Amino acid sequence: MPWKGESDPYKIWLSEIILQQTRVEQGWAYYEKFVKNYPNIFQLAKAKDEQVFKLWEGLGYYNRCRNLLHTARYIVKEYKGVFPKTYEELLALKGIGPYTAAAIASFAFNLPYAVVDGNVFRVFSRYYGISLPIDTSEGIKHFNQVANENLTKKTAGIYNQALMDFGATVCKPSAPLCSACVLQKKCVAFATNQINLLPIKLKQIQKKKRQFDFFIFNFKEQYMIQKRGGEDIWAGLYQFYLVQNEGLPKDNAVYLQQVLQQQLGIAKKELLQTIVSKPVNQLLTHQQLTVRFIQVALKTKPAALSKALWVPKAKLRSYPFPKLIVDFLTTK
């Protein structure tokens, strides 16, 4: 992995932000793209938002990207582009929590802070037989205490990386390599047959169900798109005209009439063709989306959308879209 053994705090920070909520095999390529396009924090800080979002496209959890830009610009402005070297200063930066602050502090500056990620939770839970849930305040406090008690302070960076790698390659979530584990003889979970029971996690994520219809308006190969704002998913990215519903409409013909004619004032004679895709499901961390793409070819540009952003088909892919839309465009 290109970030292993890295001492540049910028690259460590970049890798840690990308790997939040992302598998290593997926994040690897994004890390390399970012380092190639923005080899230092000055270049990232002066980059246009849309360019960075475009590079991030498909990685999800776009709030990470917004925080990445904010923090890069803040460090350039307030620290003249030099990463702060104390844990407290790192923790104060937007998008950097205790884990990421500890990772940068120990990997870049060898400061004595324990890095506690899912791998570390798992190793300590099994090795010591700790049954406290890892997703409760009591459990998190206890595991952080255990991690700091075990920390080899003089070589904190090497120790943290070794422990995380051990959890990722030996003490794995499923099918751990217990038979070849050097810690087997002292592992409480192995001795008490609790390997598959630890660590304990109590909370179950309740997924909110949402139904999205993206209307793809096409007028002479010009497509209407809009930028998402607010604090909802995909904020800062682009999408086609969106209609949210409680569920899939029972009668598509009636529904299309309501949206196109009653809502947008598009007369039936102005429609060349309307194609409704089959529903596509996407699972996010806290949401379950059901999405349809409704392609609407127009004879004239609707007055209600005349001031909207219309772009040629050839330039559509230059805008950052959610992966769901990217996948749809790729197949068309």
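Just so it is clear, the structure is predicted and the values come from calculations on it, not from any experiment. When reading the values below, keep in mind they use all heavy atoms of this one structure, side chains included, and skip hydrogens, waters and symmetry mates.
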Quick one: CD1 on Ile104 to CD on Glu16, what's the gap to the nearest 0.5 Å? 7.5 Å
Side chain to side chain donor-acceptor pair (under 3.5 Å) with Asp232: which residues, sequence neighbours excluded? Arg210, Arg228
Pairing donors with acceptors under 3.5 angstrom, does anything connect the side chains of [X] and [Y]?
X	Y	answer
Asp213	Tyr255	yes
Tyr99	Gln20	no
Gln273	Gln295	no
Asp165	Gln161	yes
Asn196	Arg126	no
Gln51	Asp49	no

Determine the interplanar angle of the [X] and [Y] rings, folded into 0 to 90°, and report it as parallel if under 30°, tilted if 30 to 60°, perpendicular if over 60°.
X	Y	value
Phe34	Tyr38	tilted
Tyr74	His70	parallel
Tyr319	Tyr238	perpendicular

Glu246, CD: over 12 other non-hydrogen atoms inside 6.0 angstrom: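 Counting neighbours around CD of Glu246, 12 or fewer heavy atoms of other residues, nucleotides or ligands fall under 6.0 Å, so no.
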Tightest non-hydrogen contact, residues Ile96 and Leu90, listed as CG2-O, 3.3 Å
Trp310 six-ring centre to Lys301 NZ/CZ under 6.0 Å and within 45° of normal: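 Judged by the rule, Lys301 and Trp310 form a cation-pi pair.
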Compute the centroid of each ring, for Phe240 and then for Phe214, and state whether the two points are separated by less than 6.0 Å. no
